[in-house]
There are 2 protein chains.
Amino acid sequence: MTSTDVARETGLSRATVSFVLNDTPNQSIPQATRQRVLEAAARLGYTPYAPARTLRSGRSDLIVCELPDWPQSPTMAEFVDRAGEVLAEAGYTLVTHVHTDRPGGLGRLCAALAPAAVFGMRPFPPQDVEAMRRARVGVILPPPQAGSGDDLGASVWTTGIGRMQAEHLIAKGHTRIACALPDDPRVSDLSAGRAAGAAQACADAGLPAPARSPVPLDIDGAAGVVSAWRASPDAPTAVCAYNDEVALALLAGMRRLGLSAPGDLAVIGADDIPAARFAAPPLTTIALDSGDLGAHLARALLRTLDGEEQDLTLAPHGVHVVERESA
Amino acid sequence: MTSTDVARETGLSRATVSFVLNDTPNQSIPQATRQRVLEAAARLGYTPYAPARTLRSGRSDLIVCELPDWPQSPTMAEFVDRAGEVLAEAGYTLVTHVHTDRPGGLGRLCAALAPAAVFGMRPFPPQDVEAMRRARVGVILPPPQAGSGDDLGASVWTTGIGRMQAEHLIAKGHTRIACALPDDPRVSDLSAGRAAGAAQACADAGLPAPARSPVPLDIDGAAGVVSAWRASPDAPTAVCAYNDEVALALLAGMRRLGLSAPGDLAVIGADDIPAARFAAPPLTTIALDSGDLGAHLARALLRTLDGEEQDLTLAPHGVHVVERESA
DNA sequence: CTGAAAGCGCTAACAG
DNA sequence: CTGTTAGCGCTTTCAG
């Protein structure tokens, strides 16, 4: 099933077949011939062989999206789905790659794929960037040279969410706020960003900067952190959790101590995982529309592929608080 | 940075370069020359261009793994990581594709990649299988013709887990068991499999088959289901939940009704999501070692690629109950 | 309007 | 031991 087969079947040349199959412009081919080719291709189940096409044209229609390996929100599928849809409309094919601590994985993948572009939600390690460059990858998002502060999506994944959490708590009348961070090193830059967003909101409201405490992901450990907070001179009355998991840990720790939210301590999470609504009390959290975000990012990527220089800072699309009972 | 560049740099021919770079057997090339080529390739940062290599050799080193879109366990990354590692050792490169309800996605991906193999955890739709065949995909796992009962991993993802849940409850002395299924149609075949596993365990123990109830993923809905169970003539004393999310929903529903586990009703989940340990009471659940499973599956795939006909039924690798307090 | 021909980067017979 | 050469499937000038 090659284009030669279609040519033989129709009694035309491979060139003509190629013309109609790609409807090449400036090529006046009679409807009859065109029809004949299309029909034969369909009948034979012809599919162009991607490697040959890529070799010839010098450009691949593949785009790689690196997925984070941190605890996945169940909406990751939506993100990929919508991003893939937008890219498909533009003639690209999205493939995903789940991030690994094993170094060089992305680099090897790019060598094997020679994709047109690679994007992800965090900066790539220099080693991988180098490999991508060698693999002729055209566009990399976030751009390797970008500073860590203002790069792709910082506003959405990090500072924007932290800010929104703190603003909600402040609106509820809280003035002493803490930040609960995971002790997982993989997300240290993200958690720092969120805490920074919360700090900004506090500063804007004339409040002191929130204390930052790492919270172990077990009940005893979380209870320990809560006790420490309450024993401190300026005991916080509310806490921004890095995500719903640490929020759930906090709630469980409080329960063990006989405390409850929001009375003893208000808790707000982030991600709106399915378990959030089933917590005791149901967890107030920040949700973001992953699908929207995926589409948004994909469009930004397409613009970059078209050579448009652009501002990569994203407006926090569809980010909103889901108010339940814990804050 | 093509092999021509390396040839020019070393003053050799492209053929010679190719020979040493792929260390082609039956080709006696002096160490000196060999060294010269390797050194030049490294210095120039030469990376073979995959599409050309694939076109020429007729075989790609890509393997596609389709990831489910149902609520992801946080261990999906481990699965992919270990599977990728095993495949990489054999010279293959793993790329992932997140499943979408949008039809034909996998098919289009395969057309764009021409991978050596495709594997996933559920049978592929016939439409995609057809596209894969056209895209020259050599091996498909699970094989399209396999029956739904005994296909790839059924024992691990479905019946095996359900069986283990029921066996745990039976060991605790329960004799009237229910199955709580999600009402999400995307997982209906999986949930049926798990319920079947639970039913087997009950049958083996001489107990009546468990009732199956769909559980809505909200507190009121879950509470309604619990009430209905308790009002029924043979009220169950324990329930196998399809996964931790529905287990959490059940626990929340019980809490609303003033009931608690395991006293009023024992609940066992599946997946051991991070939130499970923070539930009230902490959730007893079934965990499986995703990394092991990934490696196991990858090895099975490699054997199939080597043409070995084989039994695809997997032993439940690393599946075990995590006993907390809810059952 | 259609066909012949060149060539993308790479590999593998086959000569030298 | 190394170089020449053909060709993978496809697109795209350039002639007819």
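Every chain is numbered from 1 and lettered A, B, ... according to where its sequence line falls, protein lines coming before strand lines. From a predicted model like this one, the values you see are computed outputs, not experimental measurements. Scope of the values below: all heavy atoms of this structure, side chains included, with no hydrogens, waters or symmetry mates.
Scanning both residues, B:A40 and B:V6, for their nearest heavy atoms gives CB-CG1, 4.3 Å.
Residue A:S57 is out of contact with every strand shown, counting any heavy-atom pair closer than 4.0 Å. Counting any heavy atom pair closer than 4.0 Å across all strands shown, A:P48 reaches sugar-phosphate atoms only and no base atom.
Contact check, B:R53 against C:dT11: a side-chain N or O comes under 4.0 Å of OP1 or OP2.
Whole-Å rounding puts the B:L21 CG to C:dG9 P distance at 16 Å. Between A:R56 atom CZ and C:dA6 atom C1' the separation is 8 Å, expressed in whole Å. For the pair B:R8 CZ and D:dT2 P, the interatomic distance rounds to 20 Å; values are reported in whole Å. With rounding to whole Å, B:L55 atom CG is found 4 Å from D:dC8 atom C1'. Taking atom CZ on A:R59 and atom C1' on D:dT12, their separation rounds to 15 Å, with Å as the unit. Straight-line distance from the CZ atom of A:R134 to the C1' atom of C:dG9: 17 Å, rounded to whole Å. Between the OH atom of A:Y49 and the P atom of D:dG9 there is a distance of 8 Å, given to the nearest Å.
For A:E130 and A:R133, the salt-bridge test passes: some basic side-chain N is under 4.0 Å from an acidic carboxylate O. Note on A:R82 versus A:E78: no salt bridge recorded, every NZ/NE/NH1/NH2 to OD/OE distance being 4.0 Å or above.
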Collect all protein-nucleotide pairs involving nucleotides 2-5 of chain C in which both atoms are nitrogen or oxygen and the distance is under 3.5 Å.
from: C:dT2; atom 1: OP1; to: A:T33; atom 2: OG1; distance (Å): 3.2
from: C:dG3; atom 1: OP2; to: A:S13; atom 2: N; distance (Å): 2.8
from: C:dG3; atom 1: OP2; to: A:S13; atom 2: OG; distance (Å): 3.4
from: C:dG3; atom 1: OP2; to: A:T16; atom 2: OG1; distance (Å): 3.2

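Side-chain atoms of A:R34 and A:D23, non-hydrogen and from C-beta on, do get closer than 4.5 Å to each other.
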Inset, instruction - Might you work through the salt bridge (charged side-chain N to carboxylate O under 4.0 Å, His left out) test for A:R8 and A:D5, ending with a clear yes or no? - result: CA-CA 5 Å; A:R8 181 163 1 84; A:D5 295 321; 3.1 Å; yes
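Side-chain contact check for B:R36 and B:T10: no donor-acceptor pair (N or O, by modelled atom type) lies under 3.5 Å.
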